[in-house]
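Note that this is a predicted model, so its numbers are computed, not measured. For ligands, and for the atoms within them, numbers begin at 1 and follow the listed sequence.
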Amino acid sequence: MSDVLELQDVSVVREGRALVDQVSWSVKEGERWVILGPNGAGKTTLLNIASTYLFPSSGTVSILGETLGSPGTDVFELRPRVGMAGIALADKLPKRQTVLQTVLTAAYGMTAGWQEEYEDIDEQRARAFLDRLGMSEYLDRRFGTLSEGERKRTLIARALMTDPELLLLDEPAAGLDLGGREDLVRRLGRLARDPIAPSMIMVTHHVEEIAPGFTHVLMIRQGKVLAAGPVELELTSRNLSLCFGLPLVVEQVGDRWTAQGLPMS
Ligand SMILES: Nc1ncnc2c1ncn2[C@@H]1O[C@H](COP(=O)(O)OP(=O)(O)OP(=O)(O)O)[C@@H](O)[C@H]1O
Ligand SMILES: [Mg+2]
């Protein structure tokens, strides 16, 4: 299987501190990764690298077979092949655009603008993705009036619009209520198990948000890789405790995960 993403000895140094510290990691086609790690561990920084928007201080990055910084690689050609749904993007999108427009503009690699003539086929695709994310009733609502959960579902539909080969999700369930989280986990699980869906990397803080169908986990702490591999092998109480720096017990309940701290003795 070919590499969707390959990082070799990658570091991102800012103000003398390594935010990402000599990370080597590879994601193969069809794999669905979860990234776990405490606040400030470097998760979003890793996604920014994977989305081509951040160039590392050292190390080698290959995305969809293209090596960043090599003469043959054009990041502008690479960007539409990678879909990114993160809350940072939500702030850049025009609040007055409708939900449908917000998703449609992705087809043209823009964050704004409704002057273009959109093809019928694009509109059908946008409607289909929004339907898949449960947003069919919100097509004409202005993006700025959506709740956080609705906004996140819109962003995921938007990220799918360019038919990416790699989909990056930064804390898609953060801020959702229990029903909203469960609904999103179910939808992401469906996407994760869809053999023609893109390879996926999802950042989360909570093992409860790992949908069935996610195959691998990367745990990072202070920019360093603590564990990387298949979920069943690496999502252990020991690894999770080391990752978050406190004694934790992780359990599998059916096809989902749950974690809690050990009671103080
Ligand atoms: N431009 C920058 N200059 C200096 N430090 C930065 C810069 N950008 C990010 N950082 C720091 O890098 C660290 C990693 O940030 P990052 O956003 O990747 O963390 P994260 O794992 O996504 O955290 P969270 O769970 O809170 O979202 C943080 O300590 C952050 O303050
Ligand atoms: Mg983050």
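- At a heavy-atom distance under 4.0 Å, only side-chain atoms of Arg14, from C-beta outward, approach ligand 1.
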Derivation of the salt bridge (Lys or Arg N to Asp or Glu O under 4.0 Å) call for Arg256 and Glu182: CA-CA 11 Å; Arg256 298 282 297 280; Glu182 286 305 300; 2.9 Å; yes
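- Between Asp91 and Arg151 there is no salt bridge, since none of the side-chain N atoms of the basic residue sits less than 4.0 Å from a carboxylate O of the acidic one.
- Considering all non-hydrogen atoms of both residues, Leu248 and Ser237 come closest at O-CB, 3.3 Å.
- Considering only non-hydrogen protein atoms, atom 27 (O) of ligand 1 sits nearest to Glu171 OE2, 3.5 Å.
- The protein heavy-atom contact nearest to atom 26 (O) of ligand 1 is Asn39 ND2, 2.9 Å.
- The ligand atoms of ligand 1 that sit less than 4.0 angstrom from a heavy atom of His205 are 25 (O).
- Look at Gly42 and you'll find a heavy atom under 4.0 Å from some atom of ligand 1.
- In this structure, a donor-acceptor pair under 3.5 Å is present between the side chains of Glu208 and Thr258.
- For the 3.5 Å distance criterion, the side chains of Thr73 and Thr67 fail to qualify, holding no donor opposite an acceptor.
- The closest side-chain donor-acceptor pair between Asn239 and Glu234 falls under 3.5 angstrom.
- In terms of protein heavy-atom proximity, atom 22 (O) of ligand 1 is closest to Thr44 OG1, 2.8 Å.
- Considering only non-hydrogen protein atoms, atom 6 (C) of ligand 1 sits nearest to Leu19 CD1, 3.5 Å.
- With a cut-off of 2.8 Å, the Mg ion (ligand 2) has no N, O or S atom of Asn39 in range.
- Under a cutoff of 6.0 Å and an axis angle of 45°, Arg141 and Phe143 do not form a cation-pi pair.
- Nearest non-hydrogen protein atom to atom 15 (O) of ligand 1 is Thr45 OG1, 3.7 Å.
- Around the CZ atom of Arg96, the shell of radius 6.0 Å holds no more than 12 heavy atoms that belong to other residues, nucleotides or ligands.
- For atom 14 (C) of ligand 1, the nearest non-hydrogen atom of the protein is Gly40 O, 3.3 Å.
- When only non-hydrogen protein atoms are considered, atom 11 (C) of ligand 1 lies nearest to Arg17 NH2, 3.6 Å.
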